[in-house]
Amino acid sequence: MTQPRREFVKRAAAVGAAAVVVHSPVSAAAASAAALGETPDTPDAPPLAPHLGPLDQVAQDEAYWGKVAAQYPVTDAVINLEAGYFGIMAAPVLAAHHRHVDRVNRESSYFARRAFLPILQQARDAVAQFVGAKPTEIVLSRGATEALQALITQYKGVKAGDTVMYVDLDYNAMQWAMNALAAARGATVAKLAIPEPATRENILEAYTRALDAHPRTKLLLLTHCNNKTGLIIPVQEITALAKARGADVVVDAAHSFGQVPLSVNALGADFVGLNLHKWIGAPVGAGAMYIREGHLDAIDRMHADEAFPMTRIESRLHTGTTSFATVMTIPDAIAFQQSLGMPQKAARLRYLRDRWVRAVRDVPGVHILTPDDPALVGAITGFRLHGRGTREANEALAKTLLDEFGIFTFQRTGLANGDCVRVTPTLFNTPAQLDRLAAALRTMAARG
């Protein structure tokens, strides 16, 4: 995700010393700008500090989380429990974005050709630090979908007669990319279903059986936290199973980073696509591709890209002219999230999730699709009413929640056992709003 790309290649060596080996977004911006004699464009100071103390107590400190919620300019027209689509920017991030848009619009190509390169490097470095990667292992994208489509369709290790594998909970667009790879290489597709209800043991058993049944599997797609039910699978253990059988793994971490504390090393995979506009709260159109050092040769160049040498990850993703202001805002978004503390944020999200789930799990007719195991769930949870898994039933369910109770959720499709409704609370939601959801579900379940 580079602009202008020719200038990037020519000037990378000149500014690289100033833009790398820097460990905070603010100092990275200052160093990069100093290299060009510019005024640094740094993130705003974080408005809050991480709440210290036992996480179960921190998660329930309504005074503190009320201050956090006040940072989000959210509509009061509905109770929005559909944060899984994208994460709105917190007020200081939004203000920074507006400032960046104004600067780009004001300075135009004078800015883009002279000042943007070190800012791009600063944003990449901030992402690398946040996910525990080296800067040379990261290239920015416009979202996880773009990064994952490139990783999958440009993967070179699949030949005629081989197998690619994914499950029902994987994101639909990623399933289609795996299908396209198989069709292009003359490979076969193996699709399996994650058990309901899921446990760590039956998830691992399902993948073990599938990999053993398809010994020519060369590429396995794993979604760390899926967008349908919110189930978090043990990616590191499954990756070890796959690698022991000669298969590479691509991880869809679109919903992981920013929802749960995580690093790329904790995933164990060599190829990861992630979002920055979901749980990190950057502007829409921000993501990243990760390729572990030493594994670049497994992924082909995008469209025979010659702007970068084969030894650079940038040659694997060519997006053309990007939104300069979006890239500029990425360090602001990361700084805000870090100001809250990821363990504290994850604890709060899980508290909000548990608030409504525990209130309805034993209600007849309410089927919660995500377990309560703390290792297998974060903020997102899917449900059905009375086992109804048709698209029409779940679209109607979401419509009733909105029209009658003022609660916005969304229907998800593609599960082996049928569609569901997804509930995704976030930091601007309150326990009282989750209580209203639970009350609405009790009322609807009682109607049959």
Side-chain angles (χ1 to χ4, degrees), residues 1 123-158 164-167 169-171 173-175 177-178 181 207 218-227 231-243 247-280 282 285-300 302 312-317 319 330 333-334 337 342 346 378:
M1 189 174 189
R124 178 207 61 187
D125 293 353
V127 173
Q129 181 189 5
F130 187 78
V131 305
K134 299 177 181 178
T136 52
E137 297 174 320
I138 292 290
V139 63
L140 299 183
S141 68
R142 290 171 293 192
T145 295
E146 180 177 67
L148 288 161
Q149 285 173 333
L151 288 170
I152 292 168
T153 60
Q154 294 161 214
Y155 178 75
K156 296 192 291 186
V158 173
V164 300
M165 183 180 294
Y166 56 82
V167 301
L169 294 184
D170 290 322
Y171 190 52
M174 275 43 272
Q175 295 186 32
M178 294 286 278
L181 173 66
Y207 277 101
K218 297 302 179 184
L219 188 65
L220 172 64
L221 171 65
L222 296 179
T223 303
H224 183 230
C225 175
N226 82 80
N227 81 101
L231 180 70
I232 295 174
I233 64 171
V235 165
Q236 190 171 48
E237 292 90 335
I238 300 169
T239 297
L241 291 172
K243 287 187 173 182
D248 270 329
V249 174
V250 172
V251 174
D252 179 347
H255 277 285
S256 300
F257 290 96
Q259 183 180 168
V260 294
L262 191 64
S263 71
V264 289
N265 284 333
L267 294 174
D270 302 320
F271 313 105
V272 181
L274 57 101
N275 260 318
L276 302 171
H277 60 229
K278 288 188 182 291
W279 297 95
I280 304 300
M289 172 196 287
Y290 165 83
I291 300 178
R292 189 183 300 277
E293 187 175 68
H295 295 271
L296 200 58
D297 288 345
I299 307 298
D300 205 353
M302 175 172 274
R312 295 278 293 275
I313 190 174
E314 290 90 346
S315 68
R316 272 58 174 185
L317 192 67
T319 62
I330 289 171
I334 291 175
Q337 297 299 318
M342 276 311 306

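Scanning all heavy atoms of the two residues, the minimum distance from L220 to A242 falls at CD2-CB, 3.9 Å. Here the closest non-hydrogen pair linking M302 and Q154 is CE-OE1, 3.3 Å. I313 and M289 make their closest contact through CD1-O, 4.0 Å (heavy atoms, listed as atom of the first residue, atom of the second, distance). When all heavy atoms of V260 and G378 are compared, the closest pair comes out as CG1-CA, 4.5 Å. Across H277 and G143, no two heavy atoms sit closer than the pair CE1-CA, 4.1 Å. The two residues A144 and N275 come nearest to each other via the heavy atoms N-OD1, 3.0 Å.
Looking at heavy atoms from C-beta onward, L140 lies in side-chain contact with I330 at the 4.5 angstrom threshold. The side-chain heavy atoms of R316 and V139, taken from C-beta on, include no pair separated by under 4.5 Å.
For the atom pair OH of Y207 and CG of L241, the computed distance is 10.5 Å after rounding to the nearest 0.5 Å. Rounded to the nearest 0.5 Å, atoms CG (D300) and OG1 (T153) are 9.5 Å apart. The CG atom of L169 sits 11.0 Å away from atom CG of L221, with the distance rounded to the nearest 0.5 Å. Rounded to the nearest 0.5 angstrom, I334 CD1 and I280 CD1 are separated by 6.5 Å. Once rounded to the nearest 0.5 Å, the distance linking CG of D125 with OG1 of T136 reads 9.5 Å. Atom CZ of F130 sits about 9.0 Å away from atom CG of L262, to the nearest 0.5 Å.
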Take K218 and M165 through the side chain to side chain contact (heavy atoms under 4.5 Å, CB included) test and state the conclusion after the steps. CA-CA 8 Å; K218 297 302 179 184; M165 183 180 294; over 6 Å; no
Steps toward side chain to side chain contact (heavy atoms under 4.5 Å, CB included) verdict (T145, M174): CA-CA 7 Å; T145 295; M174 275 43 272; 4.2 Å; yes
T239 vs L222, test: side chain to side chain contact (heavy atoms under 4.5 Å, CB included). Steps then yes/no. CA-CA 8 Å; T239 297; L222 296 179; 3.7 Å; yes
Carefully, step by step, assess Y155 and I299 under the rule side chain to side chain contact (heavy atoms under 4.5 Å, CB included). CA-CA 5 Å; Y155 178 75; I299 307 298; 4.0 Å; yes
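Within a 6.0 Å radius of NZ in K156, more than 12 heavy atoms belonging to other residues, nucleotides or ligands are found.
The side chain to side chain donor-acceptor pair (under 3.5 Å) test with D170 singles out one residue from N226, N227, T223, and that residue is T223.
Distance alone, capped at 3.5 Å, is enough to place a donor-acceptor pair between the R292 side chain and the A269 backbone. Listed for the R124 side chain is no donor-acceptor partner under 3.5 Å among the backbone atoms of I138.
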